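The structure appears right after this line, and notes come after that.
These values consider heavy atoms only, across backbone and side chains, with no hydrogens, waters or symmetry-generated copies. The shown structure was predicted, so the numbers you read here are calculated from the model rather than taken from an experiment.
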Amino acid sequence: MKKIKIKKPSVHIVGNEILRPYNPITVNLIGAGGTGGQVLTALARMNLSLINLGHPGLMVRLFDDDKVETANLGRQLFTTAELGQFKAVALINRINRFFGSNWKAETMRYDQHMADRNAAASATLTISCVDKVEARFSIAKILIETVHNYHGRNRPKYWMDFGNSRTSGQVILSTLDKITQPLSKQYETVDSLPLVTEEYRDLLLSSEEADDTPSCSLAEALTKQDLFINSTLANYGASLLWQLFREGILFNRGCFLNLKDFISKPLKIEQHGNNRPRR
């Protein structure tokens, strides 16, 4: 009788430098808009919870060179008192006051000039909440260059990217290099999670919006993005990060969300062969 081979579930297992680090995990959050503001708040809650559980927590830097405008009120987390302020400064000041943290605001774009500042560009975890496809490819290039050129404590390991249209979106976790996996009889361990800019390159390029004119009012902004798409995606991504920090084992590395039809499809961990970043 022929023996049936049972396929083991594919998982990604996180190293001790994430689960039990000696210092706070460094996080570069890129974008302080609709999604970025929600992700920042989720990270602050996560940081406080991790510290209370004996973990050193997180050290976050928020990158954004935009200032708060009237059209941002309501859909993004800003008040009239913050009009004209840098978004990153307004959000970080509020988080630091509320949670007692010492996170940093960077009033600059995370663009190609960052590649020459390896220490500034580098963080264990990079989270991108950007509107433009071009910005995603720029971030990917910077991270790949940093992985090859920088070997300090905060060398990039993971990249989480958020993207959305009016009522749909996705959050996808990638690795910047191979993550050493333990031997397992129960699971098929996966050491590399492909970059979103490589795995979904054609989809990203075809999804680029032709109209990039800034919205002049909240009503106009809401015709481009639903009121709750950003916060819903942020919660999905934060839940994935919570599993990363607390459980150390991932069966999924993101999801695709259709808020109009209330459909969420997980993106399973799978073997993809050699997915080391290309220079």
Checklist entry - Would you say Phe78 and Arg94 make side-chain contact, with heavy atoms under 4.5 Å? => result yes
Checklist entry - Which heavy-atom pair separates Pro56 from Pro21 by the least distance, and what is that distance? => result CG-O, 3.1 Å
Checklist entry - Would you call Gln170 and Leu257 a side-chain contact if the rule is heavy atoms closer than 4.5 Å? => result no
Checklist outcome for this item: Output for pair (Asp66 CG, Asn72 CG), nearest 0.5 Å, gives 8.0 Å
Checklist outcome for this item: For Phe256, the ring-ring contact (aromatic ring centres under 6.0 Å, His included) test, sequence neighbours excluded, returns Tyr200
Identify every side-chain donor-acceptor pair in residues 238-247 under 3.5 Å, counting partners at least two apart or on other chains, and give the distances.
unit_1	atom_1	unit_2	atom_2	d
Ser239	OG	Asn235	O	2.9

Checklist entry - How would you list, by chain and number, every residue that makes a side chain to side chain donor-acceptor pair (under 3.5 Å) with Asp65, sequence neighbours excluded? => result Arg109
Checklist outcome for this item: Residues at least two apart in sequence or cross-chain that pass ring-ring contact (aromatic ring centres under 6.0 Å, His included) with Phe251, listed by chain then number, are Tyr187
Item to check | Pairs involving residues 30-55, ordered by first then second residue, that meet side-chain hydrogen bond (donor to acceptor under 3.5 Å, both in side chains) (sequence neighbours left out) | outcome: Thr35-Asn230
Item to check | Qualifying residues under side chain to side chain donor-acceptor pair (under 3.5 Å), relative to Thr124, sequence neighbours excluded | outcome: Thr26
Checklist entry - Are side-chain heavy atoms of Ile172 and Met160 found at a separation under 4.5 Å? => result no
Next on the checklist: Assigning hydrophobic clusters by single linkage (Ile, Leu, Val, Met, Phe, Trp, Tyr; side-chain heavy-atom cutoff under 4.5 Å), is Ile13 placed with Ile269?
Outcome noted: no
Checklist entry - What about Leu58 and Leu53, same hydrophobic cluster or not, with Ile/Leu/Val/Met/Phe/Trp/Tyr joined at side-chain heavy-atom distances under 4.5 Å? => result yes
Checklist entry - For the side chain of Ser128 and the backbone of Val130, is there at least one donor-acceptor N/O pair under 3.5 Å apart? => result no
Checklist entry - Under a 4.5 Å side-chain heavy-atom rule over Ile, Leu, Val, Met, Phe, Trp and Tyr, are Ile139 and Phe137 clustered together? => result yes
Checklist entry - Picking from Ile92, Val27, Ile127, what satisfies side chain to side chain contact (heavy atoms under 4.5 Å, CB included) with Leu40? => result Ile92
Item to check | salt bridge (Lys or Arg N to Asp or Glu O under 4.0 Å) partners for Asp64, two or more places apart | outcome: none
Item to check | Under 4.5 Å side-chain linkage, directly or through intermediates, the cluster mates of Phe86 | outcome: Val89
Checklist entry - Any side-chain heavy atom of His12 within less than 4.5 Å of one from Asp191? => result no
Item to check | Residues that Glu17 engages under side chain to side chain contact (heavy atoms under 4.5 Å, CB included), provided they are two or more places apart | outcome: Lys157
Checklist outcome for this item: Phe228 meets the side chain to side chain contact (heavy atoms under 4.5 Å, CB included) criterion, sequence neighbours left out, with Asp226, Ser231, Thr232, Leu259
Next on the checklist: Is there a path of hydrophobic side-chain contacts, each under 4.5 Å between heavy atoms of I/L/V/M/F/W/Y residues, joining Val196 to Leu267?
Outcome noted: yes
Next on the checklist: Would you say Ile249 ends up clustered with Leu193 if hydrophobic residues are merged whenever their side chains have heavy atoms under 4.5 Å apart, either directly or through other cluster members?
Outcome noted: no
Checklist entry - Got Trp159 and Thr175 here, is their nearest side-chain heavy-atom distance under 4.5 Å? => result no
Checklist entry - Does the side chain of Pro194 reach to within under 4.5 Å of the side chain of Arg253, using non-hydrogen atoms? => result yes
Item to check | Minimum side-chain heavy-atom gap Leu83-Leu73 below 4.5 Å | outcome: yes
Next on the checklist: Looking at Asn149 and Glu145, would you say the former's side chain and the latter's main chain have a donor-acceptor pair under 3.5 Å?
Outcome noted: yes
Item to check | Set of residues satisfying ring-ring contact (aromatic ring centres under 6.0 Å, His included) with respect to Phe162, sequence neighbours excluded | outcome: none
Checklist entry - Under 3.5 Å, side chain of Glu188 to main-chain N/O of Glu270, donor-acceptor pair present? => result no
Item to check | Contacts of type side chain to side chain contact (heavy atoms under 4.5 Å, CB included), residue Lys260, not counting sequence neighbours | outcome: Thr167, Asn258
Next on the checklist: Nearest 0.5 Å, please: how far is CG in Leu29 from NZ in Lys104?
Outcome noted: 16.0 Å
